[in-house]
There are 2 protein chains.
Amino acid sequence: MSSPQAGPPEQPARDRGLHARLLAALGPAITAGEYPPGTVLRTEELAARYEVSRTVAREAVRVLESMHLVVSRRRVGVTVLPPEQWNVYDPQVITWRLAGADRGRQLRSLTVLRSAVEPVAARLAAELATPRECAELTEHALGMVATSRGHQLENYLVHDIAFHRTVLRASRNEMFARLGDVVAAVLAGRTHHDVMFSDPRQEAVTLHVRVAEAVREKDGARAESIMRTITEDAMAELDVLAP
Amino acid sequence: MSSPQAGPPEQPARDRGLHARLLAALGPAITAGEYPPGTVLRTEELAARYEVSRTVAREAVRVLESMHLVVSRRRVGVTVLPPEQWNVYDPQVITWRLAGADRGRQLRSLTVLRSAVEPVAARLAAELATPRECAELTEHALGMVATSRGHQLENYLVHDIAFHRTVLRASRNEMFARLGDVVAAVLAGRTHHDVMFSDPRQEAVTLHVRVAEAVREKDGARAESIMRTITEDAMAELDVLAP
DNA sequence: CTAACCCCATAGGTCACATGTATTCAATAG
DNA sequence: CTATTGAATACATGTGACCTATGGGGTTAG
């Protein structure tokens with residue numbers, strides 16, 4: 001019937017535990033600039049404010065520290081670090097920032113990153129993709145075609161994300177593959193917030209189909225070139241939205 | 001006399017605290033495959049083995065969990081996750097892996113990432129660099145020239161790292177800027193282990209000087225192109241070393 | 001003005017105990 | 001024999017009381 005992984009993209013129970021609740025409160029607050037760099041939070045105060053034990057507060061601080069959002073020093077407290085120090089590749093941090101105030105800037109940074117990575121990934125994919133991955137690529141490209149008309153944005157998004165994920169995975173580079181989540185977040189954010197109120201442009205859809213073709217024919221240069229057009233279009237869309 | 005930052009690349013007191021010692025033991029062990037995916041570690045057992053309190057063990061586990069190296073579930077224990085899930089952009093994880101067994105694979109992945117990112121960063125730098133940054137770039141390129149002969153590899157490395165860091169920073173993209181540490185780790189690893197037993201090739205040095213020129217003249221296309229040559233050379237060097 | 005010194009606020013660490021929850025497995029029903 | 005139910009169990013999770021260590025800052029002595 002329906003494919004096995006057709007369920008909603010629920011997170012695998014990440015918000016379990018008191019400690020995670022604290023994190024879910026502090027992380028967004030810090031990344032949103034609610035606590036400006038230099039602010040000191042004492043663990044005891046945090047424990048009191050969020051009504052948890054000191055142990056839980058300390059665990060949360062440890063995690064924030066590993067993300068370089070804060071630094072914890074004796075006799076001083078937990079100090080919020082400036083944004084330049086943040087571990088901006090941490091999926092958690094990315095999620096928090098995309099949900100917060102400077103969504104725009106974040107989206108722009110990530111889109112530029114995409115424009116650097118995805119074309120190279122497409123070239124590698126053309127050289128290294130398995131037949132199975134080629135088939136997936138074609139399938140999702142055709143899925144995009146099928147859902148590109150008639151206000152089926154959600155279904156279109158699913159195929160779009162799957163397409164880019166497959167390219168990144170097929171590049172056989174773990175660093176690229178790991179950006180799948182980032183790309184998914186960017187595409188989802190774009191669909192759900194800014195642009196894309198109407199059906200996607202047919203040109204964009206066609207480009208995806210042509211990438212799938214190029215990969216299948218092991219034409220790395222062509223795959224790279226077409227993917228470059230796709231990511232440049234994505235950047236152009238952003239510029240139209242917020243100049 | 002000597003420049004202020006001439007000292008050894010000490011980490012800024014990251015290994016402070018019992019909790020950090022545990023991490024420094026567990027992280028490398030897991031990333032090196034000493035505990036294969038699926039292995040379960042009970043916190044109590046960890047606390048006993050490393051002679052720390054359960055509280056400390058729990059904090060370490062929390063951090064490892066935030067890096068997606070392990071997952072902690074009730075009634076089951078702390079389960080080691082497969083490498084595909086690891087947060088491979090975490091500087092800590094990168095360091096651990098570069099120190100461990102699959103240095104080679106890791107170095108290769110990172111070099112491919114560089115080849116995607118640095119050319120685009122160079123183009124943006126040419127468009128956006130401040131005069132100050134242009135000066136820094138020239139300074140470090142000349143520093144590379146000056147130290148490229150007579151077995152001054154360590155000094156050469158300092159300038160090489162600073163050069164690439166400046167390019168990434170000048171691109172005005174936080175995601176790119178954050179890769180400065182990664183590039184530094186790759187360059188340092190290359191100098192200290194594999195290749196580069198003799199003086200660097202003069203061609204490579206010249207290419208850096210030309211990138212600095214292109215950026216100063218705001219010629220984005222040229223900067224990108226030359227940087228692409230640099231990163232392609234880096235990949236070729238890797239292939240010569242381990243085919 | 002500088003250097004040595006001491007105080008104490010705060011993180012760091014330990015322990016004992018209580019709670020909750022998924023897994024497991026056996027007993028029972030169908 | 002299979003499926004459902006339910007209790008036992010093992011582990012993480014959470015709490016509070018307590019002690020230790022350290023580094024920032026004020027104070028004093030030179």
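In what follows, chains are A, B, ... by sequence order, proteins preceding strands, each numbered from 1. Predicted model only: the values in this text are computed from it and were never measured.
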Presence of donor-acceptor pair under 3.5 Å, side chain of Arg73(B) and base of dC11(D):
no
Which nucleotide in the set dA11(C), dG13(C), dT23(C) lies at the smallest distance from any side-chain heavy atom of Val76(B)?
dT23(C)
Under 4.0 Å, counting only non-hydrogen atoms across every strand here, what does Thr43(B) touch: a base, just sugar-phosphate, or nothing?
sugar-phosphate
d(CG, Leu22(A); C1', dT15(D)) in whole Å
14 Å
We want to know whether His159(B) and His208(B) form a side-chain donor-acceptor pair, criterion being a heavy-atom distance below 3.5 angstrom.
no
Looking at Glu136(A) and Arg165(A), is any side-chain nitrogen of the basic one under 4.0 Å from a carboxylate oxygen of the acidic one?
no
Integer-rounded Å distance: dG13(C) P and Tyr50(B) OH:
17 Å
Distance check needed: dG14(D) P versus Arg54(B) CZ, whole Å only.
12 Å
For Val52(B) and Glu44(A), find the nucleotide of DNA chain C closest to each by heavy atoms; which residue's nucleotide sits nearer the 5' end?
Glu44(A)
Is Ser72(A) close enough to dA11(C) that one of its side-chain N or O atoms is under 4.0 Å from OP1 or OP2 there?
no
Which part of the nucleic acid, if any, lies within reach of Val61(A) when heavy atoms closer than 4.0 Å are counted: base, sugar-phosphate only, or nothing?
nothing
Whole-Å distance between dG14(D) P and Arg16(A) CZ?
12 Å
Atom CG in Leu153(A), atom CG in Asn155(A): separation rounded to 0.5 Å?
9.5 Å
Please report the distance, rounded to the nearest Å, between NE2 in His19(B) and P in dT14(C).
13 Å
Closest to the Arg75(B) side chain: dT15(D), dT23(C), dT14(C)?
dT23(C)
Measure from CZ on Arg42(B) to C1' on dT23(C) and round the result to the nearest Å.
15 Å
In whole angstroms, how far is the P atom of dA11(C) from the CZ atom of Arg62(A)?
11 Å
Test item: Val183(A) and Ile161(A) side chains (from C-beta on) under 4.5 Å apart, heavy atoms
no
Check this for me: does the side-chain of Arg58(A) come within 3.5 Å of the base of dG13(C) through a donor and an acceptor?
yes
Report the distance from atom CZ of Arg74(A) to atom C1' of dA11(C), rounded to the nearest whole Å.
6 Å
When rounded to the nearest 0.5 Å, the distance separating CZ of Arg58(A) from CD of Glu65(A) is 11.5 Å
